[in-house]
Amino acid sequence: MPTPRRQPAAPELASDADFPALKQLVIQQTGHFYYSDKDQLLWERLLRRFRQTGSANSAAYLRRLQDPQAGDDEWAALAAEITIGETFFFRYAEQFAALRQTILPDLLRQNCGQRSLRLWSAGCANGAEPYSLAILLRQLLGDAVPEWRLSVLGTDLNEDALRQARLGLSSRWSLRGQPVEQLEQDFEPADQGRRWLLRPQHRALVQFRRHNLLSLLDNSAPLELNEFDLILCRNVLIYFHPDTVQALVRAMAARLRPGGWLLLGHAEPNPSFAHFLQVVELPGTVAYRRAPLPDVTSPPGPPAATATEALPALTPAPPGPPPRRPAPALLPVPPSDAASTLPALAGTMAVQARAAADRGDLDTAARACRAALDAAPTVAALHQLDGLVARAQGRVDDAEAAFRRAIYLKRDFAMAHYQLGLLLLDEGRRAEGRRALAAAARLVTAWPGGTLLEEGDGMTARQLHAGVRLQLDALGDRVG
C-alpha cells in the first residue's frame with residue numbers, strides 16, 4: 001500500500017529571509033499599512049496562501065504573485081485573506097439610528113424634487129451593510145419607493161465575499177441580535193432554517209462591484225463612482241497609512257454631491273477632516289457632510305424656516321481642530337474581572353473565531369471558541385461568543401448552555417441575558433424568554449443611556465432597553 005504523501009512542514013517566520021520583501025510588496029500593493037507592525041499576524045495569513053498554492057516559502061510565493069499567468073488571481077485571493085471582513089446587519093446601532101433619524105430624512109428632503117438617491121457602501125464584505133441600507137430606505141419611504149430612483153452600490157476587494165453578497169443569503173451569525181419577528185419581515189428561511197434569504201424587493205436595490213479603494217488616488221476609479229448622496233466607509237481605513245487615509249477621505253468627499261454625507265468607523269474620524277468636510281455631532285456618533293450649494297433663489301437676509309432646521313447646525317468648522325468629543329461611557333468592569341487579563345492564546349483564538357464566523361466558516365469558529373475557552377474558561381465574554389456561534393450553527397441546547405455559563409460568571413452581563421431571551425422566545429419558551437429579557441432591561445436601566453454594552457457590537461443601554469420594551473410589549477408584558 002503506497003505511503004501517503006506528507007505535506008511539507010510550514011516554514012518558520014524567523015528563518016524566512018524573504019519575508020521582509022514579501023511584506024513590503026503586500027503593503028505597497030494593497031495599501032494595508034495595518035500590517036506594518038504585525039509580522040506574526042501577517043505571517044499566519046500568508047501561511048494559508050502558502051498551503052493553498054504549494055509555495056514552500058516567501059520566495060516561492062513572491063514568484064507566484066509576480067507570475068504573469070497566476071499573479072492577478074493570487075493577488076485577489078491574498079487580498080481576501082488579509083482583510084478582516086467583520087460585518088453584520090445593522091452593525092453599530094447608533095450610526096443606523098443616525099441614518100434613520102437624521103441623515104436619510106435629510107437626503108430625502110434634499111432630493112424630493114428629482115426623487116433619486118445614490119448610496120455607496122465601500123468595503124461591503126458580505127453585503128450586510130448595503131442590504132441594511134436597502135431595508136432602511138424601504139422602511140422610510142414605504143409605498144413611495146416606486147416613485148424614486150434608488151441605487152445602493154456595494155464594493156469590496158474580495159471577490160469571494162462579493163459572490164456571497166450577491167446571493168443574499170445570511171447565517172444566523174450575521175443576523176445576531178435581530179429577533180425572529182423582525183427577520184421574517186425582511187428575510188425568508190432557507191436551508192431548513194440554517195440560513196436566511198433577503199427578500200427580493202431589498203436585493204433589487206443593491207448592486208455589487210469589485211473595487212480597490214486605492215484607485216481613487218490614481219485616477220483609475222470607474223466614472224460611476226461619483227455623485228453620491230451618502231458614502232459609508234466603515235472599518236476599512238484602519239488598514240491604511242495615515243497619509244493614505246487623509247487622501248482617501250478627500251477623494252471620497254470629492255465624490256459626494258453637495259449636501260452629501262460620509263460615515264466612517266468609530267475609530268477612524270480625524271480632526272483634520274474638518275478642513276474639507278463639515279463635522280456633524282449626532283447622538284453616539286460623528287458624521288461628515290459636504291457643504292450644500294447656496295440657495296441662489298433666496299433673497300438676501302435671514303433664510304426662511306425649513307424642516308431641515310431640526311438638524312444639527314451645519315456651519316463650517318473653524319480653523320484648527322474641532323472640539324474633542326467626549327468618549328462614550330463604557331460599562332464598568334466588575335472587580336472580579338478586573339485582575340483577569342485575557343491570555344494571549346485566548347485572545348488570538350477569539351479573533352479567529354469571529355473572523356471565521358464572519359466568512360461563514362462556523363465549524364472553524366466553533367473550534368476556535370473551544371480553544372479560547374480551554375485557555376481562559378472563566379472569561380464570560382468567551383462563553384457569550386461560543387453561544388452566538390452555537391446558535392448560528394443551530395445547536396440550540398449548546399447555545400443556551402453557553403449563555404447561561406456567561407451569566408453565571410458575570411451576573412450583570414446584559415447582552416448574555418438578552419441573547420438568552422431571544423433564543424428562548426425563538427424556541428417557544430415564552431415565560432423563560434420574557435424573564436431573561438426583563439433581566440437585561442432591569443440591568444441597563446441603572447446605567448447611563450449612552451453606555452456601550454460589553455459584547456454589544458455598538459449597542460447602547462438605551463437601545464437595548466428600547467428593544468426589550470418592544471419585545472415585551474408584543475408579548476403583552478410591560479417593562480419599566
Minimal non-hydrogen separation, [X] against [Y], with atom names:
| X | Y | answer |
| --- | --- | --- |
| Phe19 | Ser58 | CA-OG, 3.6 Å |
| Gln384 | Glu455 | CG-CB, 4.3 Å |
| Val468 | Ala441 | CG1-CB, 3.7 Å |
| Ser116 | Arg257 | OG-NH1, 4.0 Å |
| Ile103 | Ala287 | CD1-CB, 4.3 Å |
| Gly154 | Pro130 | CA-CG, 4.3 Å |

[X], [atom1]: over 12 other non-hydrogen atoms inside 6.0 angstrom:
| X | atom1 | answer |
| --- | --- | --- |
| Asp39 | CG | yes |
| Asp243 | CG | yes |
| Gln24 | CD | no |

[X] side chain vs [Y] backbone, donor-acceptor pair below 3.5 Å:
| X | Y | answer |
| --- | --- | --- |
| Arg138 | Ala134 | no |
| Thr451 | Trp447 | no |
| Asn158 | Ala161 | yes |
| Asp229 | Arg118 | yes |
| Arg290 | Leu256 | yes |
| Arg203 | Leu198 | yes |
| Arg289 | Gly260 | no |
| Asp386 | Ala402 | no |

- Trace of the side chain to side chain contact (heavy atoms under 4.5 Å, CB included) decision for Leu99 with Leu230: CA-CA 10 Å; Leu99 286 164; Leu230 170 67; 3.7 Å; yes
- With side chain to side chain contact (heavy atoms under 4.5 Å, CB included) as the test, would you mind laying out the steps for Leu422 and Arg391 before giving the verdict? CA-CA 11 Å; Leu422 294 180; Arg391 189 181 182 194; 3.9 Å; yes
Are the side chains of [X] and [Y] in touch, meaning some heavy atoms are under 4.5 Å apart?
| X | Y | answer |
| --- | --- | --- |
| Leu153 | Val206 | no |
| Gln66 | Trp75 | no |
| Asn111 | Arg115 | no |
| Leu137 | Val145 | no |
| Ser170 | Arg195 | no |
| Trp196 | Leu169 | no |
| Tyr418 | Leu464 | yes |
| Tyr288 | Phe273 | yes |

- Can a donor-acceptor pair be found between the side chains of Gln139 and Arg100 at a distance below 3.5 Å?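 Present: a donor and an acceptor within the cut-off.
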- Regarding Asp186 and His202, is there a side-chain donor-to-acceptor distance under 3.5 Å anywhere?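 On atom types as modelled, these side chains qualify, holding a pair under 3.5 Å.
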Please round to the nearest 0.5 Å and tell me the distance separating atom [atom1] of [X] and atom [atom2] of [Y].
| X | Y | atom1 | atom2 | answer |
| --- | --- | --- | --- | --- |
| Leu117 | Ser151 | CG | OG | 9.0 Å |
| Asp156 | Asn126 | CG | CG | 9.0 Å |
| His211 | Leu157 | NE2 | CG | 9.5 Å |
| Ser121 | Leu232 | OG | CG | 6.0 Å |
| Thr244 | Leu237 | OG1 | CG | 10.0 Å |
| Arg45 | Leu78 | CZ | CG | 10.5 Å |

- Intermediate values then yes/no, side chain to side chain contact (heavy atoms under 4.5 Å, CB included), Leu437 and His417: CA-CA 6 Å; Leu437 289 179; His417 287 281; over 6 Å; no
- When you look at Arg199 and Glu188, which way does the salt bridge (charged side-chain N to carboxylate O under 4.0 Å, His left out) test go after all the steps? CA-CA 6 Å; Arg199 294 190 182 275; Glu188 302 170 357; 3.2 Å; yes
- Item | Arg49 with Glu74: basic N within carboxylate O range, under 4.0 Å |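 Salt bridge flag = yes for Glu74 with Arg49.
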- Glu129/Arg234 salt bridge by N-O under 4.0 Å criterion: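 Counted as a salt bridge, because a side-chain N and a carboxylate O are separated by less than 4.0 Å.
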- Task: Start with the C-alpha gap between Asp106 and Gln110, add the side-chain angles, then the distance that decides, and say whether side chain to side chain donor-acceptor pair (under 3.5 Å) holds.
- Result: CA-CA 6 Å; Asp106 172 63; Gln110 284 189 62; 2.9 Å; yes
- Item | Working for ring-ring contact (aromatic ring centres under 6.0 Å, His included), residues Tyr131 and Phe208 | CA-CA 11 Å; Tyr131 282 143; Phe208 294 97; 5.4 Å; yes
- Task: State yes or no: are the ring centers of Phe50 and Trp43 separated by less than 6.0 Å?
- Result: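 Here the rings of Trp43 and Phe50 have centres that are less than 6.0 Å from each other.
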- Please test Gln207 against Val152 for side chain to side chain contact (heavy atoms under 4.5 Å, CB included), starting from the C-alpha separation and ending with a verdict. CA-CA 6 Å; Gln207 292 185 317; Val152 183; over 6 Å; no
- Query: Is there a salt bridge (charged side-chain N to carboxylate O under 4.0 Å, His left out) between Arg166 and Glu159 once you walk through the steps?
  - Reply: CA-CA 11 Å; Arg166 293 184 185 104; Glu159 186 58 55; 3.2 Å; yes
